[in-house]
Protein chains: 2
Amino acid sequence: MNELEPEHLKSAGLKSTLPRLKVLDLFKNGQERHMSAEDVYQLLRESGDNVGLATVYRVLTQFEQAGLLVRHNFEGGKSVFELNEGTHHDHIVCMQCGHVEEFYDSAIESRQKKIAAELGFTIHEHSLQIYGDCTKTKCPHRR
Amino acid sequence: MNELEPEHLKSAGLKSTLPRLKVLDLFKNGQERHMSAEDVYQLLRESGDNVGLATVYRVLTQFEQAGLLVRHNFEGGKSVFELNEGTHHDHIVCMQCGHVEEFYDSAIESRQKKIAAELGFTIHEHSLQIYGDCTKTKCPHRR
DNA sequence: AATGCAAATGAGAATGATTATCGTTCGCGG
DNA sequence: CCGCGAACGATAATCATTCTCATTTGCATT
């Protein structure tokens with residue numbers, strides 16, 4: 001169990017409050033890498049911390065804007081967040097069990113840049129997800 | 001103004017009803033290629049057709065399952081549909097004006113297949129969007 | 001062309017995710 | 001230790017979408 005790190009919040013221009021530290025700690029030291037607002041809310045609740053759902057949503061959005069987290073809009077309507085570790089990557093999601101794997105492919109990245117340029121766009125960000133079924137042997141995850 | 005085409009519905013196993021014909025006509029002969037359920041609802045309403053919003057949602061989903069339309073989940077929480085013309089492509093969306101352009105890149109497609117295989121996934125579908133700003137000269141679209 | 005029935009529709013309620021409101025509490029500089 | 005504005009928690013509100021159910025319609029049959 002590592003200690004909390006208020007300096008990360010400070011440097012992001014956010015004052016160091018209990019809910020923010022707890023959410024950040026969940027992402028840094030928790031077992032789940034990809035979590036929705038509801039996931040975070042439940043996990044905090046289970047560990048005895050009484051944090052409001054509205055606060056969870058606020059904090060996640062602030063962290064995203066501060067660059068601490070990255071938001072993903074997978075299918076299913078809910079946003080999923082993960083720690084921003086500087087290394088961009090895309091996702092492949094199992095439609096059976098919800099398991100998520102990350103990947104990065106420089107060929108895809110460079111093609112995207114080229115395409116955007118050809119079409120006269122200044123690229124801001126992109127979103128690439130592959131949806132499929134992971135092989136039965138590794139599939140038994142939760143949904 | 002082309003005539004409606006009930007045989008498309010027949011062959012899709014859907015009986016030919018007024019709402020379905022109107023929605024299909026909007027996609028085939030309308031000016032917008034990419035439309036949300038709300039867009040379709042408003043456009044039908046403006047042209048004097050009284051179609052319920054629930055019906056629009058139902059019909060869009062049925063058309064998607066029948067393979068007549070393709071659904072896209074762009075950022076912003078709402079689904080957008082377009083006519084399925086057999087040619088797969090991805091999208092680049094202007095964050096300023098909402099303008100959408102389509103593109104297809106075989107290099108990206110093949111890389112995706114390879115990645116899925118390496119990670120042990122059977123690929124079902126994928127979703128790739130690039131978000132950016134289109135150059136000011138072409139930007140003046142509606143949002 | 002009249003009849004019957006299951007499928008489809010439309011209006012509005014219900015749902016799920018997310019955001020806004022507002023009175024109370026907390027972090028932190030003085 | 002005080003005070004103030006930022007942050008919080010509970011809850012109401014909003015948005016997109018789905019569900020419910022009474023009514024209407026497509027269409028095959030007399």
Side-chain angles (χ1 to χ4, degrees), chain A residues 4-26 34-45 47-66 68-69 71-81 98 143, chain B residues 4-26 34-45 47-66 68-69 71-81 98 143:
Chain A
L4 306 179
E5 306 167 47
E7 64 279 6
H8 281 223
L9 297 179
K10 289 262 181 52
S11 62
L14 296 169
K15 79 168 57 167
S16 166
T17 70
L18 252 348
R20 297 215 258 240
L21 290 170
K22 287 171 182 168
V23 171
L24 188 54
D25 180 60
L26 233 197
H34 302 89
M35 289 182 281
S36 68
E38 193 66 30
D39 293 338
V40 171
Y41 177 66
Q42 291 303 337
L43 286 173
L44 289 183
R45 166 146 303 210
S47 56
D49 299 308
N50 184 19
V51 184
L53 180 56
T55 300
V56 170
Y57 274 100
R58 265 188 305 241
V59 169
L60 289 176
T61 300
Q62 291 161 346
F63 283 4
E64 181 201 6
Q65 292 171 341
L68 293 172
L69 296 179
R71 178 196 301 258
H72 300 290
N73 297 299
F74 293 164
E75 282 188 6
K78 49 176 59 178
S79 292
V80 173
F81 297 81
R143 152 113 293 185
Chain B
L4 305 178
E5 305 167 50
E7 64 280 6
H8 281 223
L9 297 179
K10 289 261 180 52
S11 62
L14 296 170
K15 75 168 62 167
S16 166
T17 70
L18 252 350
R20 300 213 258 239
L21 289 170
K22 287 172 182 167
V23 171
L24 188 53
D25 180 61
L26 234 196
H34 300 89
M35 290 182 280
S36 67
E38 193 66 30
D39 293 337
V40 171
Y41 176 66
Q42 292 302 336
L43 286 172
L44 289 182
R45 165 145 305 211
S47 56
D49 299 309
N50 184 19
V51 184
L53 180 56
T55 300
V56 171
Y57 274 101
R58 266 187 304 239
V59 169
L60 290 176
T61 300
Q62 291 161 346
F63 283 4
E64 182 201 5
Q65 292 171 340
L68 293 172
L69 298 178
R71 177 198 301 260
H72 300 289
N73 296 298
F74 293 165
E75 284 188 6
K78 50 176 58 176
S79 291
V80 173
F81 297 81
R143 152 107 291 189

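Throughout, protein chains are lettered first and strands after them, A, B, ... in sequence-line order, and every chain is numbered starting at 1.
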From [atom1] of [X] over to [atom2] of [N], roughly how many Å is that when rounded to an integer?
{"X": "Asn73(B)", "N": "dA17(C)", "atom1": "CG", "atom2": "C1'", "result": "14 Å"}
{"X": "Leu44(A)", "N": "dG9(D)", "atom1": "CG", "atom2": "P", "result": "10 Å"}
{"X": "Gln42(A)", "N": "dA17(C)", "atom1": "CD", "atom2": "P", "result": "11 Å"}
{"X": "Met35(A)", "N": "dA17(C)", "atom1": "CE", "atom2": "P", "result": "17 Å"}
{"X": "Leu60(B)", "N": "dA16(D)", "atom1": "CG", "atom2": "C1'", "result": "13 Å"}
{"X": "Leu9(A)", "N": "dA7(D)", "atom1": "CG", "atom2": "C1'", "result": "13 Å"}
{"X": "Glu64(A)", "N": "dT18(C)", "atom1": "CD", "atom2": "C1'", "result": "13 Å"}
{"X": "Arg45(A)", "N": "dC8(D)", "atom1": "CZ", "atom2": "C1'", "result": "14 Å"}

Check: Would Arg58(B) and Thr61(B) count as having a side-chain donor-acceptor pair, cut-off 3.5 Å?
Finding: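 Thr61(B) and Arg58(B) do not have a side-chain donor-acceptor pair below 3.5 Å.
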Using a cut-off of less than 4.0 Å, is there contact between a side-chain N or O of [X] and OP1 or OP2 of [N]?
{"X": "Ser79(B)", "N": "dA16(D)", "answer": "no"}
{"X": "Tyr57(A)", "N": "dT18(C)", "answer": "yes"}
{"X": "Thr17(A)", "N": "dC8(D)", "answer": "yes"}
{"X": "Lys78(A)", "N": "dA17(C)", "answer": "yes"}

Check: Which listed nucleotide (dA10(D), dG10(C), dT17(D)) is nearest to the side chain of Arg58(A)?
Finding: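 In terms of side-chain proximity for Arg58(A), the closest of dA10(D), dG10(C), dT17(D) is dA10(D).
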Checklist line | Nearest-neighbour nucleotide for the Thr61(B) side chain, dA11(C), dT18(D), dT18(C) considered | finding: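 The nucleotide sitting nearest to the side chain is dT18(D).
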Under 4.5 Å between any side-chain heavy atoms of [X] and [Y], yes or no?
{"X": "Glu38(A)", "Y": "Leu53(A)", "result": "yes"}
{"X": "Leu60(B)", "Y": "Val56(B)", "result": "yes"}
{"X": "Leu9(B)", "Y": "Phe63(B)", "result": "yes"}
{"X": "Gln62(B)", "Y": "Val59(B)", "result": "yes"}
{"X": "Val80(B)", "Y": "Met35(B)", "result": "no"}

Checklist line | DNA chain D contacts made by residues 47-55 of chain A, counting heavy atoms under 4.0 Å | finding: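 Here the set is Asn50(A), Val51(A), Gly52(A), Ala54(A), Thr55(A).
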Next item on the list: Taking side chain to side chain donor-acceptor pair (under 3.5 Å) as the test, write out the residues that go with Ser79(A), two or more places apart.
Entry: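 Side chain to side chain donor-acceptor pair (under 3.5 Å) check on Ser79(A) returns Arg71(A), Asn73(A).
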Check: Donor-acceptor pair under 3.5 Å: do we get one between Arg20(B)'s side chain and the base of dG26(D)?
Finding: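 Check fails, no donor-acceptor contact within cut-off.
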Checklist line | Nearest-nucleotide comparison on DNA chain D, the residue closer to the 5′ end among Lys15(A) and Lys15(B) | finding: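 So the residue in question is Lys15(A).
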